[in-house]
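The structure displayed is predicted, hence computed values, not measured ones. Protein chains get the first letters and strands the later ones, always in sequence-line order, with residue 1 at the start of each.
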2 protein chains.
Amino acid sequence: MTASADLIAPADGLDRDLGWAIGVVSRGYRQRAMGAVEGLPAGPRGYHVLCAVSEGVPRSQLALARRLGLDKTVMTHLIDDLEQAGMVTRRPDPRDRRARQVVITADGARALVQAREQVAVAEAGLLAGLSAEESRALRALMGRVARQAQASAGQAGDSAASDCA
Amino acid sequence: MTASADLIAPADGLDRDLGWAIGVVSRGYRQRAMGAVEGLPAGPRGYHVLCAVSEGVPRSQLALARRLGLDKTVMTHLIDDLEQAGMVTRRPDPRDRRARQVVITADGARALVQAREQVAVAEAGLLAGLSAEESRALRALMGRVARQAQASAGQAGDSAASDCA
DNA sequence: TATTGTTATACTCTATAACTATA
DNA sequence: TATAGTTATAGAGTATAACAATA
């Protein structure tokens, strides 16, 4: 730095700039997570799609897009990549010939298990400065804020939130 | 796992997928903040630059970039936009003819005060589902994680973190 | 030789519109 | 008329390399 010494506030004044903290944490997570899901196509987003696909009954691309808060055009490309990598397959919905059900393959399930482990490691690294209790508190609070944010953003949200971990 | 029904966790299992929550919260914040800083150029990033510029002694563009964890090439464009809007000015550093000091103008200071108020409103909206104590806890925890993430990412970080709010 | 700042380039993520085939 | 999916396009955000001026 050029010269300074008199910063306006002490170090903990950052607590009040939530947006700044969110941006930094988000970038930090993305960097770590990108390494963790290296084996998957489309990076962290492909990982989350795979998570959603593996959740329960096969869903349409549109249902997946709504679940993840993404646009359907984005979902097309993500499914393209995952299908090309042999991790999911598209099959026609017998009850609606417009729709396609997306199902995970054995390879996809294997890759997902592996990715989950490495993502857990990456998350732990990100929260390394926090105690176990603080980590739990942060996860819970962020989860609540995220659910509310998604509910208020995309009104067509599904019932439950992602359980992927 | 192909067509199962046995989900691993109930709805609150999302607590464990921190990355997902971070992404949703980050997007939600950006949407709200973009409206809040509408009067500033370059959106939330211009706002944060203006925050950093107004902090203390004038700093060089490179110092600002390091402080915000951005690349110096990004900083060039951000300062361009802010200068064109009349909110900051570049002036030569008398002690280093390579460097330029970035200082805030009266217009910039006025715009920043106004933006801060609206950003506070946006943040409050994002955390509307949390109690006052929970909000404080989340801000504190996110701040700690952010400081550590920035410290481990850009080793050349400054001493203090942003106090902008 | 290293650093400050600029420019140019490319790649990713995101947003939008237009089109098809079904309903 | 509305919906599921695809394609194409344009805009941000980010990362990198190359360059000029100065240290």
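Considering only heavy atoms from C-beta on, Arg30(B) comes within 4.5 Å of Arg27(B) through its side chain. Annotation: side chain of His77(B) is in contact with side chain of Asp80(B) (closest heavy-atom distance under 4.5 Å).
Not counting sequence neighbours, the partners of Glu117(A) by the side chain to side chain contact (heavy atoms under 4.5 Å, CB included) test are Val113(A). For Thr76(B), there are no side-chain hydrogen bond (donor to acceptor under 3.5 Å, both in side chains) partners at least two apart in sequence or on another chain.
Picking from dG5(C), dT22(D), dT22(C) the nucleotide with the shortest atom distance to the side chain of Arg97(A) gives dT22(C). The side chain of Lys72(A) sits closest to dA4(D) out of dG5(C), dT14(D), dA4(D). Taking every side-chain heavy atom of His77(A) into account, dT7(D) is the closest of dA23(C), dT7(D), dT4(C).
With rounding to whole Å, Tyr29(B) atom OH is found 13 Å from dG13(D) atom P. Regarding Asp93(B), its CG atom lies at a distance of 14 Å from the P atom of dT22(D), rounded to whole Å. The CG-P distance, from Leu78(B) to dT7(C), rounds to 14 Å in whole Å. Rounded to whole Å, the distance from CZ on Arg30(A) to C1' on dC11(C) is 14 Å. Per the geometry, CD belonging to Gln84(A) stands 16 Å off C1' belonging to dT6(D), to the nearest Å. Following rounding to the nearest Å, Asp71(B) (CG) and dA17(D) (P) show an atom-to-atom distance of 11 Å. If you measure from atom NE2 of His48(A) to atom C1' of dC13(C), you get 15 Å, rounded to the nearest angstrom. Rounded to whole Å, the distance from CE on Met75(A) to C1' on dT3(D) is 17 Å.
Taking 3.5 Å as the limit, the base of dT3(C) and the side chain of Arg98(B) contain a donor-acceptor pair of atoms between them. Donor-acceptor pairing under 3.5 Å, judged by distance alone, is present between the side chain of Thr73(B) and the base of dT16(D).
Residue-level contact check: Arg90(A) touches the backbone only, with heavy atoms under 4.0 Å from sugar-phosphate atoms and none from bases. Residue contacts for Thr76(A): at a heavy-atom cut-off of 4.0 Å it reaches a base atom on one of the strands shown. Contact annotation for Asp96(A): backbone-only contact, meaning every heavy-atom pair under 4.0 Å involves sugar-phosphate atoms and none involves a base.
A residue-by-residue look at Asp80(B) and Arg45(A) shows that Asp80(B) has its nearest nucleotide of DNA chain C further toward the 5' end.
A donor-acceptor contact closer than 3.5 angstrom is absent between the side chains of Thr105(A) and Asp107(A).
Between Arg95(B) and dT22(D), a side-chain N or O to OP1/OP2 separation shorter than 4.0 Å is absent. Note on Arg100(A): a side-chain N or O is less than 4.0 Å away from OP1 or OP2 of dT6(D).
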